[in-house]
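The block underneath contains the structure these notes are about, expressed in structure tokens.
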Amino acid sequence: MQLPIVTYPDKRLKQLSEPVERFDEALHTFLDDMYDTMIASNGIGLAAIQVAKPLQVLIINLPDEQGEQERSELLEIINPQIVLSDGTTFYQEGCLSVPGFYEDVERFETVTVSYRDRHGNEQVLEADGLLSVAVQHEMDHLAGKLFIEKLSYTRRKKFEKEYKRIQKEKKGS
Ligand SMILES: CC(=O)Oc1ccc(/C=C/C(=O)NCCc2ccccc2)cc1OC(C)=O
Ligand SMILES: [Co+2]
């Protein structure tokens, strides 16, 4: 089922997420609810803190060449650790918790991540391109960090001004 998404400037997004210890039915149901929420909101990545659960859980479902998000491609990443990182890349990021705002962010070009799957099995992911950006963006959420915190001072000022306007438009005030 769909869960409500916490949006900036809600303080809960700054919480540190705790490691998952029990790979049980409750976790599996939560992962399915995260998926429903992400797809319903047109997202390609979502961290548990964005639905108010401070757990080290993130999901990523990148569109394929036809722009379709196949569930078979869904990545469920639990208790991730970056074990290798290399290079530098820039990508215009967006976030379901910062609706309507997109900015170029600097990330590692490639990352190797060790993590657990929904059954607790150790997995290793070597990511580049959009997947590498998505993994880093979502792992920042687990540390209570949003992509807007990586902006330069001037671009952060631009964001604050723009975001206030977007929020006002939303409230129709
Ligand atoms: C108005 C609004 O909310 O726009 C959106 C903003 C962000 C998003 C989704 C962002 C998202 O999935 N980010 C995951 C992290 C990520 C960022 C950059 C590259 C890879 C992974 C969806 C939006 O909704 C629509 C209809 O496009
Ligand atoms: Co995000």
Side-chain angles (χ1 to χ4, degrees), residues 2-17 30-71 73-78 80 82 85 87-113 115 125-151 155-156 158-173:
Q2 221 177 307
L3 305 168
I5 291 180
V6 177
T7 54
Y8 180 84
D10 194 307
K11 287 252 176 297
R12 286 175 291 174
L13 291 169
K14 300 178 79 71
Q15 279 181 309
L16 280 184
S17 297
F30 176 62
L31 283 162
D32 296 341
D33 291 347
M34 281 184 70
Y35 178 78
D36 296 343
T37 305
M38 181 179 77
I39 297 300
S41 315
N42 292 305
I44 56 174
L46 188 74
I49 195 67
Q50 294 180 268
V51 288
K53 274 261 192 176
L55 284 177
Q56 290 180 19
V57 177
L58 64 95
I59 61 172
I60 293 170
N61 198 187
L62 298 185
D64 61 17
E65 296 70 42
Q66 286 75 28
E68 301 287 313
Q69 286 175 284
E70 304 293 338
R71 188 155 190 172
E73 298 290 305
L74 175 65
L75 283 169
E76 296 176 329
I77 296 179
I78 299 162
I82 291 186
S85 58
T88 305
T89 186
F90 284 84
Y91 192 89
Q92 190 178 52
E93 299 188 11
C95 180
L96 288 171
S97 292
V98 189
F101 187 80
Y102 312 89
E103 257 293 352
D104 277 343
V105 174
E106 178 176 344
R107 299 282 183 189
F108 292 118
E109 189 174 9
T110 60
V111 287
T112 301
V113 182
Y115 67 96
L125 171 74
E126 294 184 3
D128 63 4
L130 182 54
L131 181 56
S132 173
V133 170
V135 167
Q136 293 174 75
H137 174 110
E138 298 310 336
M139 284 185 70
D140 272 357
H141 277 298
L142 307 186
K145 291 230 159 303
L146 293 175
F147 77 104
I148 51 168
E149 292 166 46
K150 299 176 76 77
L151 301 179
R155 283 190 307 161
R156 180 61 191 265
K158 173 187 151 213
F159 160 73
E160 297 294 354
K161 207 164 65 255
E162 222 174 279
Y163 197 73
K164 280 197 186 69
R165 190 173 45 74
I166 295 170
Q167 295 308 305
K168 259 211 313 290
E169 270 164 22
K170 275 212 162 142
K171 292 195 184 71
S173 57

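All ligand and atom numbering here is 1-based and tracks the order in the structure. Computed over heavy atoms, backbone and side chain alike; hydrogens, waters and symmetry mates excluded.
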Interatomic distance, Asn61 atom CG to Leu75 atom CG [nearest 0.5 angstrom] = 8.0 Å
Is the number of heavy atoms from other residues, nucleotides or ligands within 6.0 Å of CD (Glu126) greater than 12?
-> no
Residue, atom name and distance, where the atom is the protein heavy atom closest to atom 24 (O) of ligand 1 = Ser41 O, 3.7 Å
Point-to-point distance, once rounded to the nearest 0.5 Å, from OH of Tyr91 to CZ of Arg107 = 12.5 Å
Lys/Arg N to Asp/Glu carboxylate O, Lys158 vs Glu103, below 4.0 Å | yes
Considering only heavy atoms, does His137 approach ligand 1 within less than 4.0 Å through its side chain, its backbone, both, or neither?
-> side chain
Close-contact set for ligand 1 against Pro99 heavy atoms, below 4.0 Å = 3 (O)
Among non-hydrogen protein atoms, atom 19 (C) of ligand 1 lies closest to Leu130 CD1, 3.5 Å
Which atom pair, heavy atoms only, marks the closest approach of Pro54 to Leu16?
-> CB-O, 3.9 Å
Go through ligand 1 atom by atom and flag the ones less than 4.0 Å from a non-hydrogen atom of Gly45.
-> 12 (O), 14 (C)
Within a reach of under 6.0 Å around CZ of Phe159, are more than 12 heavy atoms found that belong to other residues, nucleotides or ligands?
-> yes
Please round to the nearest 0.5 Å and tell me the distance separating atom CD1 of Ile82 and atom OG of Ser132.
-> 7.5 Å
Proximal atoms of ligand 1 relative to Tyr91 (non-hydrogen, under 4.0 Å) = 19 (C)
Residue, atom name and distance, where the atom is the protein heavy atom closest to atom 25 (C) of ligand 1 = Asn42 CB, 3.9 Å
Atom 13 (N) of ligand 1: nearest protein contact (heavy atom, Å) = Gly94 O, 3.0 Å
Which residue owns the protein heavy atom closest to atom 15 (C) of ligand 1, what's the atom, and how far is it?
-> Glu138 OE2, 3.2 Å
To the nearest 0.1 Å, how far is atom 8 (C) of ligand 1 from its closest protein heavy atom, and which atom is that?
-> Leu96 CD2, 3.7 Å
Give the residue and atom name of whichever protein heavy atom lies nearest to atom 4 (O) of ligand 1, and the separation in Å to one decimal.
-> Tyr102 OH, 2.8 Å
List every atom of ligand 1 that sits less than 4.0 Å from any heavy atom of Ala134, numbering the atoms from 1 in the order shown and giving each element.
-> 20 (C), 21 (C)
For the side-chain contact (heavy atoms from CB on, under 4.5 Å) test, which of Val135, Leu125, Val113 pairs with Pro80?
-> Val113
Without swapping roles, check the side chain of Tyr8 against the backbone of Ile148 for a donor-acceptor pair under 3.5 Å.
-> no
Heavy atom of the protein closest to atom 2 (C) of ligand 1 (residue, atom name, distance) | Gly100 N, 3.5 Å
Any idea which atoms of ligand 1 are less than 4.0 Å away from a heavy-atom of Gly43?
-> 9 (C), 12 (O)
